Amino acid sequence: MAPRVITTRAFAKVNLDLRLVGLLPDGYHDVRTVLQTIRLHDTLCLRRTRGPFVIECDTPGVPVDARNLVWKAAALLHAVVRGGSGEPRGLHVQLRKRIPAEAGLGGGSSDAAAMLVATSHLWRLGLDLPTLSRLGARLGADVPFFLSGGTAMGVGRGDDVSPLVEPPPSWVVLVCPEFGVSTAEAYRWYDEDAHGRARRPARRLPADWPAWAVGVGNDLEGPVARRHPRIRHAVRALTRQGSVYAAMSGSGSAVFGVFGDRESAAAAERRLTADGWRAILTRTVSRAAVRREQRRALAGG
């Protein structure tokens, strides 16, 4: 029997690599990106009820209506799978936000993926991962990735996801500027800078990382940093603190630095915080760990 309550973590991600290789027939950018789950997470607590669908959130300013991807995920299952019409019912969701918004860390998409998995279980729908991935792609390009997590390649709009050989476990320091970046604006700035865009310098993660780590970078970083120089300053600050690789994640505004051990990462986080940056210490999460989290949550653990 499905539990009446499920509490689950929705992990963030960073883009270890992000390349824009052209345009798709529908006008969207053709993306090649390497996505990596990290330990920073939101928490969703779902409870089955007999009343209306309700979201409560501990962070002021986060919408708790149909604008929220958690709501959209429930509405999608209600409409497409259950054949329902109107608003979803029968769930109360407490959302604890810890992933910054408009930061390129995928918080909303991760919440939606966690919601799809948990709601399917609570409502006894029995949907498998491929079905949830197809539904999740309707909500956002990153949602299919968050259903499996770990390290993966996303192509097309980013929603065609394939697992990659995972790198060694690493510690990550996030630097989150005081502003957010709209994804639509980041891509528009990339297009505006097309004629003056500098060739991205090749960068390489440590030698014990897989072959895909050669030449990593973020094609959006230059255009966004030209409008928000703090992003460039954050990359340089992480590099000065010993990061083996630092870059903007996704469309920004968060910047991440990869470290080989906890001690050096923690020291960097302390120094960056003392220098006035909002810094967060976290680490990479494997596909196996994401699966364990899903099993724990669905078992009511």
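Only this structure's heavy atoms are used, side chains among them; waters, hydrogens and symmetry mates stay out. Please read all numbers here as calculations on a predicted model, not as lab measurements. For the single chain, residues carry numbers from 1 onward in sequence order.
- With hydrogens and angles ignored, the 3.5 Å screen pairs no side-chain donor or acceptor of Lys13 with any backbone N or O of Gly149.
- Shown here for Ser120 and Leu132, the closest heavy-atom pair between the two residues is CB-CD2, 4.4 Å.
- At a threshold of 4.0 Å, the pair Arg227-Asp193 counts as salt-bridged, since one of the basic side-chain nitrogens sits closer than that to a carboxylate oxygen.
- For the pair Ser249 (side chain) and Leu105 (backbone), a donor-acceptor distance under 3.5 Å is absent.
- For the ring pair (Phe, Tyr, Trp, His ring centres under 6.0 Å) condition, the pairs that include at least one residue of residues 219-243, sequence neighbours left out, are Phe179-His228, Trp189-His228.
- At least one donor-acceptor pair closer than 3.5 Å links the side chain of Asp219 to the backbone N or O of Leu20.
- In this structure, Asp142 contributes its side chain and Gly106 its backbone to no donor-acceptor pair below 3.5 Å.
- Taken to the nearest 0.5 Å, the CG atom of Leu116 stands 11.5 Å off from the OG1 atom of Thr131.
- Annotation: side chain to side chain donor-acceptor pair (under 3.5 Å) contacts involving residues 260-274, sequence neighbours excluded, comprise Asp261-Ser264, Glu269-Thr273, Arg271-Asp275.
- A cation-pi arrangement is present between Arg230 and Trp277 under the rule of less than 6.0 angstrom and at most 45 degrees off the ring axis.
- Between the Asn68 side chain and the Pro63 main chain, a donor and an acceptor come within less than 3.5 Å of each other.
- Listed for the His29 side chain is no donor-acceptor partner under 3.5 Å among the backbone atoms of Leu23.
- Judged as a salt bridge (charged side-chain N to carboxylate O under 4.0 Å, His left out), and not counting sequence neighbours, the contacts of Glu166 are Arg287.
- Of the possible polar contacts, none joining the Arg283 side chain to the Ser170 backbone as a donor-acceptor pair under 3.5 Å is found.
- Applying the salt bridge (charged side-chain N to carboxylate O under 4.0 Å, His left out) test to Asp65 and every residue at least two apart in sequence or in another chain returns Arg67.
- Here the side chain of Asp30 pairs no donor or acceptor atom with the backbone of Gly22 at under 3.5 angstrom.
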Evaluation steps, side-chain hydrogen bond (donor to acceptor under 3.5 Å, both in side chains), between Gln36 and Thr284: CA-CA 7 Å; Gln36 173 64 56; Thr284 58; 4.7 Å; no

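- For residues 104-115, the pairs satisfying side chain to side chain donor-acceptor pair (under 3.5 Å) are Lys97-Asp111, with sequence neighbours left out.
- Residue pairs satisfying the ring pair (Phe, Tyr, Trp, His ring centres under 6.0 Å) criterion with at least one member in residues 247-269, sequence neighbours excluded, are listed as follows: Tyr245-Phe256.
- The cationic group of Arg89 does not satisfy the cation-pi geometry with Phe53, failing either the under 6.0 Å distance to the six-membered ring centre or the 45° limit from the ring axis.
- A donor-acceptor contact shorter than 3.5 Å is absent between the side chain of Thr59 and the backbone of Val62.
- Rounded to the nearest 0.5 angstrom, His78 NE2 and Trp71 CH2 are separated by 10.5 Å.
- Side-chain atoms of Asp17 do not come within 3.5 Å of backbone N or O of Thr33 as any donor-acceptor pair.
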